[in-house]
Enquirer: 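The structure under discussion is supplied below as structure tokens; questions concerning it will follow.
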Protein chains: 2
Amino acid sequence: MRALPYERRRELPLTKPPVPPEKPATRPQVRDARTTKSRILAAAKKEFAKKGLGGARVDEIAEKAQANKRMIYHYFGSKEALFQAVLEEAYVDIRSAEQKLDLDGLEPKAALERLVRFTWDYYLKNPEFITLVNSENLHRAKHLKKSEIVKVYSRRFVAMVSAILDRGVAAGVFRADIDPVQLNITIAAIGYYYLTNRFTGSIVFETDLMAKEALEQRLNFNIDTVLRLVLRP
Amino acid sequence: MRALPYERRRELPLTKPPVPPEKPATRPQVRDARTTKSRILAAAKKEFAKKGLGGARVDEIAEKAQANKRMIYHYFGSKEALFQAVLEEAYVDIRSAEQKLDLDGLEPKAALERLVRFTWDYYLKNPEFITLVNSENLHRAKHLKKSEIVKVYSRRFVAMVSAILDRGVAAGVFRADIDPVQLNITIAAIGYYYLTNRFTGSIVFETDLMAKEALEQRLNFNIDTVLRLVLRP
DNA sequence: ACAATAAGTAACCGTATAGTTAAACCACCC
DNA sequence: GGGTGGTTTAACTATACGGTTACTTATTGT
């Protein structure tokens, strides 16, 4: 039930407001579509990562982006579409970083170790990635399903690990019956689980899982786990 | 600012409402504190698991529990306190089930395999546990921190796995330098990650991770991973 | 038998939420 | 130098939210 005419609103400031009290001072550029859009995306990433899709507030994203809320709807259409954009960017970022590792230029064993190390470091330095993925899985991946670009990048990623595995088998250093998908999942799992559950984990195991030595110990343990799994006895 | 006197409300039905249209018919017992409370707890578990703490709605929990919303506040005090009760119960449940495995009565290797198998099966059959833990970690474990009972159960759990490890080392079948905490985390990780990320994972790897054969393959892979990690070469 | 108490209800409150509206602003082209 | 069209704004809407109030009804101890 739309009740009141909209004209009424603009009647109010008959006398102009005394003085535009002071400009927010931050955000030097005016009228820059590109940077506004990317400020929104960055703020949204932070908020969605911290509170999840359901917990994040559009108003707060707008405020942190130093943009008007209307801009979010202008550039992205809806809260969910914004979430999808954030998620897509997060996936493209990690997959791109993986491609830059130049694993083809390394011995199979060294390449594998490097991948385990990279995965761990990436999760550690980009904790938003983990939280975003968790949130997306809570929603049964309905946003990722729509993303064609993520599928393209994923394919390249799986191929990359398969190639290492093949080279290792050919060189006689890796076992022949390792499934690349299972290996990929395991490499991610042993880092991801530790970090995403670092809060409950620290309570259950009565130790600070984020202490420097604890993190080092975990990385070494993970490398050991993967190599024992893959290397020929 | 509480404005209106509450009397006004009861004035309204001067003529009694024609007929109490019909009782909801479900919920046979009247005035049973215990079952009402547990219905609320069960409904809350489902809702929190499906939507997370932020996404779950108190009204909906009340409705699904066939209870009045006021009862939730009567028995639990607040939405967060309700969440804490749900979480506590979930942890006590899994830790209790683990204690019933009678791992002390098995050979070390068999005990370890049984634990990996149990962990996997438990996650598979109780997917709410995973989602609740994820939600709690999004909130930096602020609810679990307050739970003394969970700490007691956790200690017993770690001790149980340490005992297996010790027996295995004494029997000469396990490597001596395995950290029980790292092992615990890894056993959980390789199952947990696969299942919590089954939606995004099915897209990234372009395969149905929840297909029967896929699940079997994963369990076998996980047992293999743990045994290769722990067994003496 | 009955008062005290525990269990239960529906209507309500103040606030916050995602999303919308009409208008103003500004850079650029002609 | 005035239109044109993308960019930005504050004010607004309908609804949903967690939590509370005033009040009713069943159960229980004496």
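Letters A, B, ... mirror the listed sequences (proteins, then strands); counts begin at 1.
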Enquirer: Pair up each side-chain donor or acceptor in residues 211-219 of chain B with any protein partner under 3.5 Å, not counting sequence neighbours, and list the distances.
Expert:
unit_1    : atom_1 : unit_2    : atom_2 : d
Gln217(B) : NE2    : Asp179(A) : OD2    : 3.0
Arg218(B) : NE     : Ile190(B) : O      : 3.4
Arg218(B) : NE     : Asn222(B) : OD1    : 3.2
Arg218(B) : NH1    : Gln182(A) : O      : 3.2
Arg218(B) : NH1    : Gln182(A) : OE1    : 2.9
Arg218(B) : NH1    : Thr186(A) : OG1    : 3.1
Arg218(B) : NH2    : Thr186(A) : OG1    : 3.1
Arg218(B) : NH2    : Ile190(B) : O      : 3.1
Arg218(B) : NH2    : Asn222(B) : OD1    : 3.3

Enquirer: Rounded to the nearest Å, what distance is computed from the CE atom of residue Met71(A) to the P atom of nucleotide dA10(D)?
Expert: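 About 11 Å, once rounded to whole Å.
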Enquirer: Roughly how many Å is it from CD in Glu63(B) to C1' in dC17(D), rounded to a whole number?
Expert: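 Spelled out: CD on Glu63(B) to C1' on dC17(D) is 15 Å.
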Enquirer: Using a distance-only test with no angle check, is there a side-chain donor-acceptor pair under 3.5 angstrom linking Glu136(B) and Thr200(A)?
Expert: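 No, Thr200(A) and Glu136(B) have no side-chain donor paired with an acceptor closer than 3.5 Å.
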Enquirer: Compare the minimum distances between each of dA22(C), dG18(D), dT20(D) and the side chain of Val58(B), then state the nucleotide with the smallest one.
Expert: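 Comparing dA22(C), dG18(D), dT20(D) against the side chain of Val58(B), the answer is dG18(D).
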Enquirer: So if I take every side-chain heavy atom of Asp59(A) and compare against dA18(C), dT21(C), dT21(D), which nucleotide ends up nearest?
Expert: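 It is dA18(C).
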Enquirer: Under the 3.5 angstrom rule, does the side chain of Arg117(B) hit a backbone N or O of Arg114(B) as a donor-acceptor pair?
Expert: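 Such a contact is absent between Arg117(B) side chain and Arg114(B) backbone.
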Enquirer: Do Asn134(B) and Tyr192(B) get their side chains close enough for a donor-acceptor pair, meaning under 3.5 Å?
Expert: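 Per modelled atom types, Asn134(B) and Tyr192(B) side chains form a pair under 3.5 Å.
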Enquirer: For the pair made of NZ in Lys51(B) and P in dG18(D), what is the distance, rounded to whole Å?
Expert: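 Taking atom P of dG18(D) as the reference, NZ of Lys51(B) is at 11 Å.
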Enquirer: Between Ile40(A) (CD1) and dT9(D) (C1'), how many Å, whole number?
Expert: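 Atom-to-atom, Ile40(A) to dT9(D), this comes out as 13 Å.
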Enquirer: Does Arg57(B) place a side-chain N or O at less than 4.0 Å from the phosphate oxygens OP1/OP2 of dG18(D)?
Expert: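 So the side-chain polar atoms of Arg57(B) do come within 4.0 Å of the phosphate oxygens OP1 or OP2 of dG18(D), strictly under.
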Enquirer: Check the distance between dC13(C)'s P and Arg70(B)'s CZ and give it to me in whole angstrom.
Expert: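 These atoms are roughly 17 Å apart.
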Enquirer: Report the distance from atom CD1 of Ile72(B) to atom P of dT20(D), rounded to the nearest whole Å.
Expert: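 For the pair Ile72(B) CD1 and dT20(D) P, the rounded distance is 13 Å.
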Enquirer: Check every atom of dA18(C), dT9(D), dG19(D) against the side chain of Lys69(B) and return the nucleotide holding the closest atom.
Expert: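 Of the candidates, dG19(D) comes closest.
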Enquirer: Consider the side chain of Tyr75(B), meaning its heavy atoms from C-beta on, and name the nucleotide among dA18(C), dG8(C), dG18(D) that approaches it most closely.
Expert: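 So the nucleotide nearest the side chain must be dG8(C).
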Enquirer: Measure from the side-chain heavy atoms of His74(B) and tell me the nearest of dT9(D), dA7(C), dG19(C).
Expert: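 Nearest listed nucleotide: dA7(C).
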Enquirer: Whole Å only: how far is the CD1 atom of Ile61(B) from the P atom of dG19(D)?
Expert: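 Whole-Å distance recorded here is 11 Å.
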Enquirer: Ignoring hydrogens and angles, tell me if any N or O in the side chain of Lys45(B) forms a donor-acceptor pair with the backbone of Phe129(B) under 3.5 Å.
Expert: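 Not at all, since once roles are kept as given, no pair shorter than 3.5 Å links the two residues.
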Enquirer: Counting just side-chain N and O atoms, does Asn68(A) come under 4.0 Å of either OP1 or OP2 of dA10(D)?
Expert: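 Checking Asn68(A) against dA10(D): at least one side-chain N or O falls below 4.0 Å of OP1 or OP2.
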Enquirer: Any side-chain N or O of Ser78(A) below 4.0 angstrom from OP1/OP2 of dA18(C)?
Expert: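 The answer is no; no side-chain N or O of Ser78(A) sits under 4.0 Å from OP1 or OP2.
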Enquirer: Tell me the interatomic distance from Glu80(B), atom CD, to dG18(D), atom C1', rounded to whole angstroms.
Expert: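 In whole Å, dG18(D) C1' lies 11 Å from Glu80(B) CD.
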Enquirer: Where the side chain of Lys79(B) is defined as all heavy atoms beyond and including C-beta, which of dG19(C), dG19(D), dT21(C) is the nearest nucleotide?
Expert: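 Of the options given, the side chain of Lys79(B) lies nearest dG19(D).
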Enquirer: What's Ala56(B) touching, base or sugar-phosphate or nothing? Going by heavy atoms closer than 4.0 Å.
Expert: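 Sugar-phosphate: the residue Ala56(B), judged by heavy atoms under 4.0 Å, touches backbone atoms but no base.
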